[in-house]
Amino acid sequence: MIKQRRREKDNLIVTHFGGRHTYHDALAALVGLLELNAGNDHIYEIVINDDDLKLDFTEQEEKMITDKVISTFEQFERGALAVVANSDYIFGLTRMLTATLENELIAISVFRSEALARKWIQEMRELHKKGVRSTD
């Protein structure tokens, strides 16, 4: 479930997930993200998975969530999603997501620390301002 979601002064969205996180929680989180970012053609978000996060998805639900994440981020012209994974499982799931996200204008990466994730988000913003695609 979402423990906290906030928009910072620079329009960076920071979301903390923790506790038991179900398929329906994941869908609701994506809807909430779109609502929070309504009217923007870009999206920059850091997702922080707290130590107590427990994913409660079936394999089929994991696939459907991946598809929904992809379709959600494809609605934007540019952006970046940085995931801070505190477990090997979340790290691996996010790495699989990065391999399936095919929108060249939206970058996704996984990190072990929030500081590295923030640095990377800033680098992506600078590249996007220069007109460089995320996959260049």
Side-chain angles (χ1 to χ4, degrees):
M1 76 175 127
I2 293 177
K3 285 182 145 181
Q4 179 187 41
R5 177 176 270 158
R6 69 183 184 279
R7 178 185 294 279
E8 296 183 346
K9 290 179 186 178
D10 60 356
N11 283 329
L12 175 65
I13 298 169
V14 179
T15 305
H16 285 262
F17 286 101
R20 183 174 173 260
H21 193 67
T22 67
Y23 172 74
H24 297 290
D25 293 331
L27 294 181
L30 289 168
V31 168
L33 179 64
L34 288 174
E35 291 171 354
L36 182 63
N37 207 48
N40 288 317
D41 66 350
H42 61 277
I43 186 162
Y44 295 92
E45 181 184 24
I46 294 177
V47 171
I48 301 170
N49 296 301
D50 294 338
D51 289 336
D52 68 337
L53 178 67
K54 301 288 185 247
L55 297 181
D56 190 6
F57 307 146
T58 66
E59 284 185 41
Q60 182 180 3
E61 288 172 336
E62 282 180 21
K63 169 83 171 96
M64 291 187 301
I65 291 166
T66 297
D67 291 344
K68 185 65 174 171
V69 168
I70 291 167
S71 68
T72 297
F73 276 81
E74 285 178 339
Q75 297 179 42
F76 299 98
E77 292 181 18
R78 65 188 182 284
L81 170 63
V83 177
V84 179
N86 293 328
S87 74
D88 292 340
Y89 178 69
I90 302 293
F91 193 91
L93 278 179
T94 305
R95 294 286 291 154
M96 289 189 304
L97 179 61
T98 63
T100 59
L101 188 65
E102 296 181 10
N103 184 334
E104 63 188 25
L105 300 176
I106 304 293
I108 181 170
S109 195
V110 61
F111 301 89
R112 292 290 188 174
S113 77
E114 184 177 347
L116 289 175
R118 285 180 177 276
K119 180 180 179 204
W120 179 80
I121 287 280
Q122 187 57 39
E123 291 169 358
M124 291 295 101
R125 282 183 157 163
E126 293 302 317
L127 286 174
H128 292 156
K129 284 180 188 176
K130 295 176 184 176
V132 177
R133 292 181 281 175
S134 297
T135 56
D136 286 349

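Summarising the geometry, atom CD belonging to Glu61 is positioned 8.5 Å from atom CG belonging to Leu27; distances are rounded to the nearest 0.5 Å. Going from atom OG of Ser113 over to atom CG of Asn86 covers 10.0 Å, rounded to the nearest 0.5 Å. Between Leu53 atom CG and His16 atom NE2 the span is 12.5 Å, to the nearest 0.5 Å. Interatomic distance, CG of Asp56 versus CE of Met1, reported as 12.0 Å (0.5 Å rounding). Here CG of Asn49 is found 12.0 Å from CZ of Phe91. Values are rounded to the nearest 0.5 Å. Taking CZ of Phe73 as the start and CG of Leu34 as the end, the distance is 8.5 Å to the nearest 0.5 Å.
Other residues, nucleotides and ligands place no more than 12 heavy atoms under 6.0 Å from the CD atom of Gln60.
Judged as a side chain to side chain donor-acceptor pair (under 3.5 Å), and not counting sequence neighbours, the contacts of Arg125 are Asp10. Legend: residues meeting ring pair (Phe, Tyr, Trp, His ring centres under 6.0 Å) with Tyr23, ordered by chain and number and at least two apart, are absent. Legend: residues meeting side-chain contact (heavy atoms from CB on, under 4.5 Å) with Ala26, ordered by chain and number and at least two apart, are His21, Phe57, Ile65. Contacts of Lys119 classified as side chain to side chain donor-acceptor pair (under 3.5 Å), with partners at least two apart in sequence or in another chain: none. Listed by chain and residue number, Asn40, Tyr44, Arg78 satisfy the side-chain contact (heavy atoms from CB on, under 4.5 Å) test with His42 (two or more places apart in sequence, or in another chain). Applying the salt bridge (charged side-chain N to carboxylate O under 4.0 Å, His left out) criterion to Lys9, with sequence neighbours excluded, gives no partner residue.
Here the closest non-hydrogen pair linking Ala29 and Ile2 is CB-CD1, 3.7 Å. Residues Ala117 and Ile46 approach most closely at C-CD1, 4.2 Å, considering heavy atoms. Nearest heavy atom pair, residue Met124 against residue Ala107, reads SD-CB, 3.7 Å.
The shortest distance between side-chain heavy atoms of Leu33 and Ile43 falls below 4.5 Å. Between Asp52 and Lys3, the closest side-chain pair of non-hydrogen atoms falls below 4.5 Å. Considering only heavy atoms from C-beta on, Leu93 stays 4.5 Å or farther from Val83 through its side chain. Side chains of Phe17 and Asp25 form no contact here, defined as non-hydrogen atoms less than 4.5 Å apart. Between Arg7 and Asn37, some side-chain heavy-atom pair lies under the 4.5 Å cut-off.
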| message | Between Leu12 and Gln122, does the side-chain contact (heavy atoms from CB on, under 4.5 Å) criterion hold? Intermediate values first, please. | response | CA-CA 10 Å; Leu12 175 65; Gln122 187 57 39; over 6 Å; no
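Hydrophobic clustering (ILVMFWY, side-chain heavy atoms < 4.5 Å, transitive): Val31 and Leu36 are in distinct clusters.
Arg118 and Glu114 are joined by a salt bridge, as a carboxylate oxygen and a charged side-chain nitrogen come within less than 4.0 angstrom of each other.
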